[in-house]
Amino acid sequence: MRNLILGATGLIGSHLLAGLAERDAAALGTWYQTPHPDLAPLDVRDADAVAALVADYQPDVTFFCVGP
């Protein structure tokens with residue numbers, strides 16, 4: 001199962017990503033303001049960028065952990 005975590009540098013997203021990693025689950029996280037070398041940059045306000053990432057990664061589950 002492929003998991004996509006939008007907002008993986010925040011409190012909830014980072015814990016979710018860590019939990020998935022502990023279970024060896026396939027996961028891709030994104031960052032917006034806090035660059036992280038293992039995550040994909042993404043501005044969720046850009047619908048085309050979100051659609052392109054989803055089309056490219058093809059997740060089974062998407063978690064939206066983006067704050068205000």
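Everything quoted here is computed from the prediction, not taken from an experiment. The first residue of the sequence shown is numbered 1, and numbering continues consecutively from there.
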Quiz prompt | Single hit among L42, L39, L17 for side-chain contact (heavy atoms from CB on, under 4.5 Å) with T30 | solution = L42
Quiz prompt | Verdict with reasoning, F64 to V44, per side chain to side chain contact (heavy atoms under 4.5 Å, CB included) | solution = CA-CA 10 Å; F64 190 79; V44 297; 4.2 Å; yes
Quiz item: Under the 3.5 angstrom rule, does the side chain of R2 hit a backbone N or O of V61 as a donor-acceptor pair?
Solution: no
Quiz item: Under 4.5 Å between side-chain heavy atoms, hopping through other hydrophobics if needed: is there a path connecting V50 to L28?
Solution: yes
Self-check item: Closest non-hydrogen atom pair between S14 and G10, with its separation
Solution: OG-O, 2.7 Å
Quiz prompt | For Q58 against A55, the heavy-atom pair lying closest together | solution = CG-O, 3.2 Å
Quiz item: Roughly how far, to the nearest 0.5 Å, is CH2 of W31 from CG of L6?
Solution: 14.0 Å
Quiz prompt | Pair I5-C65, side chain to side chain contact (heavy atoms under 4.5 Å, CB included): steps then yes or no | solution = CA-CA 7 Å; I5 299 103; C65 305; 4.2 Å; yes
Exercise. Report yes or no: does T34 contribute a side-chain atom to a donor-acceptor pair with the main-chain N or O of T9 at less than 3.5 Å?
Key: no
Quiz prompt | Intermediate values then yes/no, side chain to side chain contact (heavy atoms under 4.5 Å, CB included), L4 and F63 | solution = CA-CA 6 Å; L4 176 60; F63 298 93; over 6 Å; no
Quiz item: Is there side-chain contact between N3 and L16, with at least one heavy-atom pair below 4.5 Å?
Solution: no
